[in-house]
Amino acid sequence: MSKLNLVLFGPPGAGKGTQSAFLIEKYGLVHLSTGDLLRAEIKAETELGLKAQGLMDRGDLVADDIVIGMIRNKMEAHLDAKGFIFDGFPRTKAQAEALDTMLTAKNEPIVAMLALEVPEEELVKRLLGRGAVSGRADDQNETVIRNRIREYETKTAPLKEFYSAQRKFKAINGVGDLSDITARLVAAIG
Ligand code: B4P
């Protein structure tokens, strides 16, 4: 049976992590969040975590080779997965190309790229709200949040073209009740 490999895409605060939890449950997928993987490295005070921390605190992207290596390791640890949900990855063209190469080698391509769309002011409001309770440094400072959004617009948003060319890009309205947004995602997966 072919694997349900999905990319959940969108700017910081669009609801990728939030909606991943529902999709994993519904489809039995393995969750691969590069943000979560990087935060685990920081918590464990690994060399990789130390390299990533300064960049993440400023709202800059972490180097491509670091995140690609983390994803490769995790995929190899879950060879029997029914599918993967890539959350916050790929974020650059180099990451998207590396992912395509890995999946093509296994003949298990991305089925759809689901892009959550949310206006900037709503993103800032959500992230400051999360920062107030989570203690995440990159969610507590509006300048850092706006830098993350600029990083998304310049380096990540162009990937819409990459997946459109493969006819996999699907835009999803990311504003509204969580369950309504999940229903939109499920309808798009088909
Ligand atoms: P990530 O951990 O990926 O975090 P994020 O994009 O900021 O948002 P996330 O997906 O977790 O939050 P969500 O929208 O679900 O990245 C953090 C940093 O790691 C990056 O800045 C970068 O430095 C680094 N990094 C990660 N991956 C990388 C890569 N591939 N390459 C290079 N660097 C990388 O939720 C946000 C908030 O909104 C929550 O509080 C939630 O409750 C709320 N919310 C969700 N849906 C809502 C709704 N419908 N209505 C109201 N609120 C909602």
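In what follows, residues are counted from 1 in the order of the sequence shown. All ligand and atom numbering here is 1-based and tracks the order in the structure.
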Which atoms of ligand 1 sit under 4.0 Å from any heavy atom of G176? 48 (C), 49 (N), 50 (N)

If you count every heavy atom of other residues, nucleotides or ligands that lies below 6.0 Å from D180 atom CG, does the total exceed 12? yes

Can you find a non-hydrogen atom of G13 under 4.0 Å from ligand 1? yes

Between R39, R148, K155, Q53, flag the one that comes closest to atom 21 (O) of ligand 1 by a heavy atom. R148

Between CZ on residue R91 and OG1 on residue T156, distance to nearest 0.5 Å: 6.0 Å

Of the backbone atoms (N, CA, C, O) and the side-chain heavy atoms from C-beta on, which set of A14 has a member under 4.0 Å from an atom of ligand 1: side chain, backbone, both, or neither? backbone

A student checking ligand 1 against L178 at a 4.0 Å heavy-atom cut-off should list atoms 46 (N), 47 (C), 48 (C), 49 (N)

Are any of the side-chain nitrogens in D65 or R72 under 4.0 Å away from the carboxylate oxygens of its partner? no

Kindly check if the number of other-residue, nucleotide or ligand heavy atoms within 6.0 Å of NZ (K168) is above 12? yes

Of the listed options R126, E122, R130, closest to atom 11 (O) of ligand 1 (non-hydrogen atoms): R130

Ligand 1 atoms nearer than 4.0 angstrom to some heavy atom of P12 are 5 (P), 6 (O), 7 (O)

Subset of ligand 1 atoms that lie under 4.0 Å from at least one heavy atom of F89: 30 (N)

Contact region, Q19 to ligand 1, non-hydrogen atoms below 4.0 Å, reads neither

R148 with E151: basic N within carboxylate O range, under 4.0 Å: no

Structural part of I181 in contact with ligand 1, heavy atom criterion under 4.0 angstrom: side chain

Using 4.0 Å as the upper bound for N to carboxylate O, is an ion pair formed by K16 and D87? no

Salt-bridge contact E142-K125 (side-chain N to carboxylate O under 4.0 Å): no

Ignoring hydrogens, just give me the one of T34, V133, L127 whose non-hydrogen atom is nearest atom 27 (N) of ligand 1. T34

Aromatic contact, F9 with Y152 (centres under 6.0 Å): yes

Per-residue contact class, L61 against ligand 1 - non-hydrogen pairs under 4.0 Å: both

Counting only heavy atoms, which portion of L38 has something under 4.0 Å from ligand 1: side chain, backbone, both, or neither? side chain

Nearest protein heavy atom with distance in Å, relative to atom 42 (O) of ligand 1: T18 OG1, 4.1 Å

Answer side chain, backbone, both or neither: which part of D60 comes under 4.0 Å from ligand 1, heavy atoms only. backbone

Is the contact between R136 and ligand 1 made by the side chain, the backbone, both, or neither, using heavy atoms and a 4.0 Å cut-off? side chain

A student comparing E151, R58, R91 should find that the heavy atom closest to atom 20 (C) of ligand 1 comes from R91

Atom 31 (N) of ligand 1: closest protein heavy atom, distance to 0.1 Å, is Q95 NE2, 2.9 Å

Q19 (side chain) donor-acceptor with L178 (main chain) under 3.5 angstrom: yes

Would you say V111 and F84 are hydrophobically clustered, going by side-chain heavy atoms of ILVMFWY under 4.5 Å? no

Ignoring hydrogens and angles, tell me if any N or O in the side chain of Q140 forms a donor-acceptor pair with the backbone of A132 under 3.5 Å. no

Taking 4.0 angstrom as the limit and counting only heavy atoms of G88, give me the atoms of ligand 1 inside it, by number and element. 27 (N), 28 (C), 29 (C), 30 (N)

When you look at NZ of K51, are more than 12 heavy atoms from neighbouring residues, nucleotides or ligands closer to it than 6.0 Å? no

Identify, for atom 6 (O) of ligand 1, the protein heavy atom at the shortest distance, and state residue, atom and that distance. K16 NZ, 2.9 Å

Logged contact type for M56 with ligand 1, heavy-atom cut-off 4.0 Å, is both

